[in-house]
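Structure first, commentary second.
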Number of protein chains: 2
Amino acid sequence: MNKIKPKYRHIQNYLKEQIQQGNYKPGELLPSENDLCKRFSITRTTARKAMDGLINEGFIERIHGKGSRVKERRHTLGLLNVKGFSEAVGEGVKTVFLQNPQKAKWSNEIGLPVSENEKKTSCIYFERLRFVGETPVMLEKNWFSDTVLPGFEKSEFVDGSFFKTLSQRYLIEVVGSTQEIRAEYAHEKQGQLFGIIKGTPLLHIPIKFSTTTPKLNIYSELYCETSSYPVANSYFI
Amino acid sequence: MNKIKPKYRHIQNYLKEQIQQGNYKPGELLPSENDLCKRFSITRTTARKAMDGLINEGFIERIHGKGSRVKERRHTLGLLNVKGFSEAVGEGVKTVFLQNPQKAKWSNEIGLPVSENEKKTSCIYFERLRFVGETPVMLEKNWFSDTVLPGFEKSEFVDGSFFKTLSQRYLIEVVGSTQEIRAEYAHEKQGQLFGIIKGTPLLHIPIKFSTTTPKLNIYSELYCETSSYPVANSYFI
DNA sequence: TAGTGGTCTAGACCACGGT
DNA sequence: CCGTGGTCTAGACCACTAG
């Protein structure tokens with residue numbers, strides 16, 4: 001019944017963990033493609049597909065004739081690709097829950113259209129404020145259908161990461177995202193949270209994350225105070 | 001001496017042109033992968049690699065068991081991936097040059113670091129204001145080294161597109177981009193251009209485009225008025 | 001020159017969609 | 001059922017980097 005993870009995704013996740021755990025540091029080279037082939041008994045096509053994924057996620061870059069190098073985690077936030085906050089940065093990041101996961105209504109604050117099927121279900125909501133050091137940089141609101149994640153409200157997040165929780169506890173992976181980006185005035189309440197005056201420009205990013213389960217999309221509204229920590233994004237073919 | 005374009009990129013560009021010219025309309029299916037194999041005498045690996053590129057650029061989506069469908073050109077701007085404005089939208093778009101391409105100094109308005117080699121060269125600058133219908137939505141400032149594009153100032157743009165000009169006149173392709181995104185107040189002059197009051201929130205996006213020529217990067221500063229036309233972005237693995 | 005990534009071939013089997 | 005895309009194998013040759 002459940003979908004089988006393809007080989008390349010196993011390798012991809014394995015390498016990603018190695019990088020996240022610091023076993024391969026920025027600037028270092030990953031094992032060569034041929035190494036991976038031998039180690040995991042796969043062909044180069046599969047090895048490359050795994051590394052393609054890591055490139056898309058911004059973890060590595062290929063250097064022709066040399067190898068695949070782990071990329072610097074920029075001190076700006078490597079956000080805005082697939083995946084959330086905790087995966088992107090690792091250092092002086094702090095997260096405060098303003099609202100723990102609990103049942104709620106589908107809000108009309110959600111910027112991207114919620115699918116009809118999901119509207120019929122009930123919905124789980126949570127809200128977090130993210131800091132770099134002591135500076136609040138991102139307010140994050142999340143909605144998703146409660147039909148495929150039984151017991152979600154009651155359990156803790158794995159490593160504090162929502163997406164890691166999805167992956168490890170429910171075997172659900174994020175496979176894509178659609179987003180819009182706007183510049184807006186901060187509302188009163190947002191201003192208080194960020195410690196800025198009402199009317200300061202804020203980045204507003206509605207996102208819809210798609211997952212390996214068609215029944216589950218994550219709808220997020222992000223508000224970012226970009227004066228010290230701009231949002232960043234890289235893309236290579 | 002010159003780099004040879006790989007097969008998959010030829011196919012990719014061919015299909016992209018077909019879509020841009022409206023031979024395949026949004027919602028329609030492209031030829032199947034097997035069709036492409038026969039038509040161009042290639043294997044599926046190559047056909048898929050070509051289509052992978054189109055997916056990354058947001059032109060198509062794959063539907064398992066069905067085919068590859070041309071995606072709707074959203075009436076929001078499909079910008080923010082690789083490639084510029086004219087490639088992304090096709091309809092009621094207008095462009096006004098505020099400053100034609102001409103020699104200039106490397107400005108300190110450029111947000112992302114200019115490489116040392118490029119700093120030593122002289123630089124070409126141009127500035128455009130982009131409209132959707134009669135609404136100005138984006139102010140675009142561009143700098144790049146003049147060493148690899150002889151005669152650039154004197155010639156017209158191909159189809160009004162800077163990137164198409166690079167591709168067709170100089171055989172240079174954009175292969176990636178790095179960008180930051182900030183929300184800022186509009187300055188006086190920007191406010192006048194957009195017909196908004198000073199202090200309205202604007203999206204500010206410094207971008208560095210990488211090309212097939214290591215000597216050429218395009219440094220852009222975009223300012224977007226997002227209240228009617230937010231910037232958009234999709235990503236799928 | 002040895003080892004790396006970049007491209008490509010010629011197959012194979014599977015999962016999914018629609019008839 | 002057939003045709004589609006999704007994954008994978010087992011090779012090959014080329015272009016680039018570095019000792």
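Letters A, B, ... mirror the listed sequences (proteins, then strands); counts begin at 1.
- The interatomic distance linking Leu36(B) (CG) with dT9(C) (C1') rounds to 16 Å, in whole Å.
- Between Lys66(A) and Thr46(A), it is Thr46(A) whose nearest contact on DNA chain D lies nearer the 5' terminus.
- Scanning all heavy atoms of the two residues, the minimum distance from Arg182(A) to Thr226(B) falls at CA-OG1, 3.4 Å.
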task: Could you walk me through whether Glu221(B) and Lys141(B) pass the salt bridge (charged side-chain N to carboxylate O under 4.0 Å, His left out) test, one step at a time?
output: CA-CA 5 Å; Glu221(B) 300 293 312; Lys141(B) 304 179 171 194; over 6 Å; no
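- One interatomic measurement links the two molecules: CG of Asp52(B) to P of dT7(C), which rounds to 12 Å at whole-angstrom precision.
- Per the geometry, CZ belonging to Arg9(B) stands 10 Å off P belonging to dC8(C), to the nearest Å.
- The side chain of Tyr8(B) contributes an N or O atom lying less than 4.0 Å from OP1 or OP2 of dT7(C).
- Between Ser68(B) and the phosphate of dT4(D), there is no side-chain N or O to OP1/OP2 separation shorter than 4.0 Å.
- As a whole-Å value, the separation of Arg62(B) CZ from dG17(C) C1' is 16 Å.
- Nucleotide dA10(C): paired with dT9(D) (Watson-Crick or G-U wobble, both distances less than 3.5 Å).
- Ion pairing between Lys38(B) and Glu33(B) fails under the 4.0 Å rule for side-chain N and carboxylate O.
- Taking for each of His64(A) and Gly65(B) the nucleotide of DNA chain C with the nearest heavy atom, the 5'-most of the two is the partner of His64(A).
- For Arg69(B) and dG5(D), the CZ to C1' distance is 14 Å, given to the nearest whole Å.
- Closest approach to the Ile42(B) side chain among dG5(D), dT9(C), dT7(D) is made by dT9(C) (side chain taken as heavy atoms from C-beta onward).
- Side-chain N/O atoms of Lys49(A) include none lying less than 4.0 angstrom from OP1 or OP2 on dG6(D).
- Put simply, CD1 on Ile11(B) is 9 Å from P on dT9(C), counting in whole angstrom units.
- Using a 4.0 Å heavy-atom criterion, one finds that Thr45(B) contacts the bases of the nucleic acid, with or without backbone contacts as well.
- A close approach under 4.0 Å does not occur between any side-chain nitrogen or oxygen of Lys7(B) and OP1 or OP2 of dG6(C).
- One atom, CZ of Arg48(B), and another, P of dT7(C), lie 17 Å apart when rounded to the nearest Å.
- The nearest whole Å value for the distance from the CG atom in Asn34(B) to the P atom in dG6(D) is 12 Å.
- Phosphate proximity of dG11(D) to Arg44(A): absent, as no side-chain N or O sits under 4.0 Å from OP1 or OP2.
- For the pairing with Phe209(A), the ring pair (Phe, Tyr, Trp, His ring centres under 6.0 Å) check across Tyr219(A), Phe163(A), Trp143(A), Phe162(A) returns one residue only, Phe163(A).
- Taking side-chain N and O atoms only, Thr43(B) has no distance below 4.0 Å to OP1 or OP2 of dC8(C).
- Residue Ile63(B) is in sugar-phosphate contact alone, with no base atom involved, counting any heavy-atom pair closer than 4.0 Å across all strands shown.
- No side-chain heavy atom of Gln102(B) sits under 4.5 Å from any side-chain heavy atom of Tyr125(B).
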